[in-house]
Amino acid sequence: MKIVKILNNNVVVVQQGSKDEQIIMGRGIAFQKRCGDSVDHSKIEKIFARQNNQLFDHFVELIQQIPLNVLLTCDRIVTYAREQLGPLQDSLFISLADHCFGALERKRNGIALHNRLLWETQHLYPKEYQVAVYALKIIEQRLGVSLELDEAGFITLHFVTAQLQGDMQEVTQVTRLMQEMLNLVKYHLCIEYDDKSLCYQRFVTHLKFFAQRCLSQTPLSSEDHEFTEAIRKQYSVAWAAAEVVGKHLTQHYQHPIQSEELLFLTLHIEKLRKEAQ
């Protein structure tokens with residue numbers, strides 16, 4: 001692998017033959033090196049392959065600002081997150097590194113950033129939140145900085161963004177909409193949720209993707225109108241609760257809810273209603 005660009009003493013862009021460029025990270029990997037020199041493979045700690053030109057260019061720009069120990073710490077967090085949560089977008093490494101570097105800088109300067117969605121994040125994405133809490137431990141162990149739980153909430157939303165394949169603004173909107181829908185069902189049926197139950201967790205998962213479809217105006221297609229009508233009659237109480245959600249979406253988000261969405265929403269609500277009895 002030949003060096004085609006030196007970003008700093010610890011990061012270089014390399015190319016091997018006709019293959020795409022790669023970013024190579026390692027302590028002192030560019031020390032006393034010039035473009036055209038070979039890379040010392042024993043110093044390689046992380047390879048970032050070019051899979052998306054825009055993503056790669058953004059990373060090249062960002063990586064020159066962030067210390068290597070922060071980048072490698074974020075790489076460890078992403079690896080752990082994938083082990084716990086499954087597939088995540090490649091862009092997570094970039095967005096997480098950018099966020100964590102900013103959080104470390106805020107901590108160093110004594111600036112506290114309050115997370116107004118922390119409670120919702122903890123309850124709507126419990127698994128992702130626990131991974132984010134562990135991420136704070138990784139940061140403390142490797143970088144010697146203890147960050148507040150507000151940051152765990154922000155990191156959680158980065159994980160959810162990487163799952164939904166959206167952006168942070170969309171995930172924030174999804175989170176708010178999920179909480180609104182949960183409250184509507186809760187107060188309409190006069191029930192309390194058991195956030196440890198499988199029914200509740202499945203309902204929240206459904207709401208996450210339902211909210212994303214609503215905000216992106218992506219309809220759920222189905223032609224089984226007879227089954228939908230049967231569900232409406234059989235589970236009339238749950239269907240009424242689903243209709244309350246539908247009216248809210250129409251009035252506040254200009255998104256009329258289709259009967260197919262009402263069907264699946266009703267099935268989840270019915271399970272929650274029976275569990276609460």
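- In this structure the side chain of R232 reaches within 4.5 angstrom of the side chain of E229, judged on heavy atoms.
- When every heavy atom of G28 is checked against every heavy atom of N10, the shortest pair comes out as N-OD1, 2.8 Å.
- For the pair R82/P87, no side-chain contact is recorded, criterion being any heavy-atom separation below 4.5 Å from C-beta on.
- For the pair L88 and Q163, the minimum side-chain heavy-atom distance is below 4.5 Å.
- Taking CD of Q169 as the start and CG of L157 as the end, the distance is 13.0 Å to the nearest 0.5 Å.
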Cut-off 3.5 Å, no hydrogens considered: what does the side-chain donor-acceptor table look like for residues 71-78, sequence neighbours left out?
{"residue": "T73", "atom": "OG1", "partner": "N69", "partner atom": "O", "Å": "2.7"}
{"residue": "T73", "atom": "OG1", "partner": "R142", "partner atom": "NE", "Å": "3.4"}
{"residue": "D75", "atom": "OD1", "partner": "K46", "partner atom": "NZ", "Å": "2.9"}

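- No donor-acceptor pair closer than 3.5 Å links the side chain of H188 to the backbone N or O of L184.
- Under the 4.5 Å side-chain heavy-atom criterion for grouping Ile, Leu, Val, Met, Phe, Trp and Tyr, F209 is connected to L124 within one hydrophobic cluster.
- Residues L272 and C199 share a closest heavy-atom pair of CD2-C, 4.0 Å.
- Residues satisfying the salt bridge (charged side-chain N to carboxylate O under 4.0 Å, His left out) criterion with K271, sequence neighbours excluded, are absent altogether.
- Residues that satisfy the ring-ring contact (aromatic ring centres under 6.0 Å, His included) test with F101, not counting sequence neighbours, are absent from this structure.
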Practice item. I would like to know whether W239 and T228 meet side-chain contact (heavy atoms from CB on, under 4.5 Å); could you show each step before the answer? Key: CA-CA 10 Å; W239 183 275; T228 301; 3.8 Å; yes
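- The same ILVMFWY cluster, assembled from side-chain heavy atoms under 4.5 Å apart, contains both Y80 and I94.
- Note: the hydrophobic cluster containing V171 does not contain F154 (ILVMFWY, side chain heavy atoms under 4.5 Å, direct or indirect links).
- Under the 4.5 Å side-chain heavy-atom criterion for grouping Ile, Leu, Val, Met, Phe, Trp and Tyr, M1 is not connected to I23 through any hydrophobic cluster.
- Note: C100 SG to I155 CD1 = 4.5 Å, rounded to the nearest 0.5 Å.
- Residues I44 and I47 come closest through the heavy atom pair CG2-CG1, 3.8 Å.
- Listed for the Q15 side chain is no donor-acceptor partner under 3.5 Å among the backbone atoms of V4.
- I24 places none of its side-chain heavy atoms less than 4.5 Å from the side chain of I3.
- L117 and L113 are assigned to two separate hydrophobic clusters, defined by single-linkage of ILVMFWY side chains at heavy-atom distances under 4.5 Å.
- Counting heavy atoms from C-beta on, the side chains of V12 and I29 come closer than 4.5 Å.
- Residues F203 and I269 have side chains in contact (heavy-atom distance under 4.5 Å, counting atoms from C-beta outward).
- Minimum heavy-atom separation, E275 to S197: OE1-OG, 2.9 Å.
- Here the closest non-hydrogen pair linking C214 and L177 is CB-CD2, 4.2 Å.
- Applying the side chain to side chain donor-acceptor pair (under 3.5 Å) rule to D195 yields no partners; only residues at least two apart in sequence or on another chain are considered.
- The shortest side-chain heavy-atom distance between V204 and M178 falls under the 4.5 Å cut-off.
- Residues forming a salt bridge (charged side-chain N to carboxylate O under 4.0 Å, His left out) with K186 (at least two apart in sequence, or on another chain): E192.
- Going from atom OH of Y125 over to atom CG of L85 covers 13.0 Å, rounded to the nearest 0.5 Å.
- Heavy-atom minimum distance, A30 versus I6: CB-CG2, 3.7 Å.
- How far CG of L207 is from CG of L265: 6.5 Å, rounded to the nearest 0.5 Å.
- Taking the side chain as every heavy atom from C-beta outward, M168 and S95 never approach each other to under 4.5 Å.
- In summary, E261 and R213 engage in a salt bridge, as defined by a charged side-chain N under 4.0 Å from a carboxylate O.
- From L136, atom CG reaches atom CG of L149 across 6.5 Å, with rounding to the nearest 0.5 Å.
- With hydrogens and angles left out, the side-chain atoms of Q130 and Q84 include no donor and acceptor closer than 3.5 Å.
- Applying the side chain to side chain donor-acceptor pair (under 3.5 Å) criterion to E105, with sequence neighbours excluded, gives R108.
- Side-chain N/O atoms of Y253 and Q173 include no donor and acceptor closer than 3.5 Å.
- Partners of Y187 according to the ring-ring contact (aromatic ring centres under 6.0 Å, His included) rule, which considers only residues two or more places apart in sequence or in another chain, do not exist here.
- In this structure, the side chain of E170 does not engage the main chain of Q212 through any donor-acceptor pair within 3.5 Å.
- Checking side-chain atoms of Y193 against main-chain N and O of L182 turns up a donor-acceptor pair under 3.5 Å.
- Under the salt bridge (charged side-chain N to carboxylate O under 4.0 Å, His left out) criterion, E45 pairs with R27, not counting sequence neighbours.
- Enclosure of atom CD in E61 is not indicated, since only 12 or fewer non-hydrogen atoms of other residues, nucleotides or ligands lie within 6.0 angstrom.
- For E151, the side chain to side chain donor-acceptor pair (under 3.5 Å) criterion is met by H99, R106, not counting sequence neighbours.
- Within the model, atoms CZ of R273 and CG of L189 stand 7.5 Å from one another, a figure rounded to the nearest 0.5 Å.
- With sequence neighbours left out, the ring-ring contact (aromatic ring centres under 6.0 Å, His included) criterion links Y129 to no other residue.
- Aromatic ring orientation, H248 versus H252: tilted (interplanar angle from 30° to 60°).
- Ionic pairing of K107 and D150 is not present here: no N-O contact between side-chain nitrogen and carboxylate oxygen is shorter than 4.0 angstrom.
- Residues passing the ring-ring contact (aromatic ring centres under 6.0 Å, His included) test with H114: none are found, sequence neighbours excluded.
- Each ring-ring contact (aromatic ring centres under 6.0 Å, His included) pair with one or both residues in residues 19-46, not counting sequence neighbours, would appear here, but there are none.
- In this structure a side-chain-to-backbone donor-acceptor pair under 3.5 Å is missing from K208 to V174.
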